[in-house]
Amino acid sequence: MINSVMNISNARKAFGGNEVLKDISLEVKRGEVVAIIGPSGGGKSTLLRCATLLETLDGGSLLFGDLAVATDAGSGAVYAKGDVPRQARSRFGLVFQNYNLFPHYTVMKNITDAPIRVLKRPREQAEARAHELIAQMGLVGNENKVPCELSGGQQQRVSIARALVLDPEILFFDEPTSALDPELTAEVLRVIKDLAAQNMTMVIVTHAMQFARDVADRVVFMDGGRIVEEGPAEQVIDHPREQRTREFLSRIEG
Ligand SMILES: Nc1ncnc2c1ncn2[C@@H]1O[C@H](COP(=O)(O)OP(=O)(O)OP(=O)(O)O)[C@@H](O)[C@H]1O
Ligand SMILES: [Mg+2]
């Protein structure tokens with residue numbers, strides 16, 4: 001069994017003349033939780049968007065396990081065709097800051113729509129799994145509500161359930177709590193910590209340093225399109241080696 005769930009190597013990405021990713025390499029192992037921190041504009045979201053095929057790399061390679069999505073023999077990223085992108089998408093889930101739920105669908109339908117309509121799973125099977133996830137996310141009793149009847153924290157937990165129902169090998173989160181107030185943030189972070197305890201492989205972009213310290217096996221500090229420093233949380237957050245990391249941490253904590 002391949003232990004690497006996702007491997008992005010020498011990733012480069014520019015928008016016009018703006019080089020946003022400059023030679024980024026990041027490998028995530030099965031069961032690992034990686035937190036990505038860093039200042040605004042550093043390229044964190046772009047890295048996640050490239051990893052999840054929402055953007056294409058200019059250069060570098062991208063693998064999910066043994067599945068090569070993009071390779072680079074030296075003249076730029078070349079994307080595999082045919083069924084490869086679909087297979088890759090079936091291996092990861094993505095949770096954004098703003099939930100992106102369907103406003104006119106119930107909680108149950110938001111969670112079961114993709115497994116039923118896209119994966120053609122039987123409705124009973126999809127709903128049985130959805131009930132388990134609704135319980136795990138602390139949402140029992142909300143099955144027939146629509147998103148506007150829920151708090152932001154509840155909506156975010158629905159979006160996590162919606163990602164999990166597709167049985168991803170890895171979950172990517174882009175600032176999952178930045179739109180929430182502290183109380184609702186705590187509920188969402190608790191759910192993510194539970195997933196970590198169940199060995200879910202995750203990459204989490206976050207500004208919540210205490211959370212990153214608690215949940216992450218590895219913290220990656222990105223600035224200016226590069227990984228400036230990475231290592232265990234105790235090292236990167238508590239005893240950063242690089243001046244830029246120290247400046248960032250003192251700014252957000254101070
Ligand atoms: N679709 C796009 N078109 C043009 N420029 C973009 C696009 N997406 C991102 N950028 C630019 O890329 C740079 C990195 O943006 P990105 O969103 O990846 O940063 P970030 O680290 O996620 O920041 P934040 O903490 O504010 O979310 C920024 O200069 C941004 O303006
Ligand atoms: Mg971002």
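Atom set for the values below is all heavy atoms of this structure, side chains included, hydrogens, waters and symmetry mates excluded. Whatever order the structure lists them in is the order used to number ligands and atoms, beginning at 1.
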Measure the spacing between CD1 of Ile24 and NZ of Lys44 and express it to the nearest 0.5 Å.
11.0 Å
Should the heavy atoms of other residues, nucleotides or ligands under 6.0 Å from CD of Glu183 be counted, would the total exceed 12?
no
CG on Leu47 to CD1 on Ile36, rounded to 0.5 Å
5.0 Å
Please verify whether a non-hydrogen atom of Arg49 lies at under 4.0 Å from ligand 1.
no
Take atom 31 (O) of ligand 1 and look for protein heavy atoms under 4.0 Å from it; say yes if you find one, no if not.
no
For ligand 1, which atoms, with element, lie under 4.0 Å from some heavy atom of Gly41?
13 (C), 14 (C), 19 (O), 20 (P), 21 (O), 23 (O), 24 (P), 26 (O)
Atom 1 (N) of ligand 1: nearest protein contact (heavy atom, Å)
Phe15 CE2, 3.6 Å
For atom 15 (O) of ligand 1, find the nearest protein heavy atom and state the residue, atom name and distance (0.1 Å precision).
Thr46 OG1, 3.8 Å
Using a strict 4.0 Å cut-off to heavy atoms of Ser45, name the atoms of ligand 1 that fall inside it.
17 (O), 18 (O), 20 (P), 22 (O), 27 (O)
For atom 12 (O) of ligand 1, what's the nearest protein heavy-atom neighbour? Residue, atom name and distance, please.
Val20 CG2, 3.1 Å
Measuring from atom OG of Ser151 to atom CZ of Arg157, what distance do you get when rounded to the nearest 0.5 angstrom?
6.0 Å
Protein heavy atom at shortest distance from atom 29 (O) of ligand 1:
Asn18 ND2, 3.3 Å
Minimum non-hydrogen distance to atom 21 (O) of ligand 1, winning option of Lys44, Met222, His207:
Lys44
Starting from atom 26 (O) of ligand 1, which protein heavy atom do you reach first, and at what distance in Å?
Ser40 OG, 2.5 Å
With a 4.0 Å cut-off, would you call Arg218 and Glu230 a salt bridge?
yes
Contact check, Gly43 vs ligand 1, heavy-atom distance below 4.0 Å
yes
With no hydrogens and no angle check, is any side-chain donor or acceptor of Glu229 less than 3.5 Å from a backbone partner on Arg241?
yes
Those atoms of ligand 1 less than 4.0 Å from some heavy atom in Pro39
21 (O)
Can a salt bridge be assigned to the pair Arg129 and Glu132 using a cut-off of 4.0 Å between side-chain N and carboxylate O?
yes
Yes or no: does Gly16 have any heavy atom under 4.0 Å from an atom of ligand 1?
no
If you draw a 6.0 Å radius around NZ in Lys22, do more than 12 non-hydrogen atoms from other residues or ligands fall strictly inside?
yes
Using 2.8 Å as a strict upper limit, say whether an N, O or S atom of Ser45 approaches the Mg ion (ligand 2) that closely.
yes
Look at the rings of Tyr105 and Phe102 and say which category their plane angle falls in: under 30° parallel, 30 to 60° tilted, over 60° perpendicular.
tilted
What protein heavy atom is closest to atom 27 (O) of ligand 1, reported as residue, atom name and distance in Å?
Glu175 OE2, 3.4 Å
Residue that, paired with Leu139, satisfies side-chain contact (heavy atoms from CB on, under 4.5 Å) out of Leu133, Val158, Ile160:
Val158
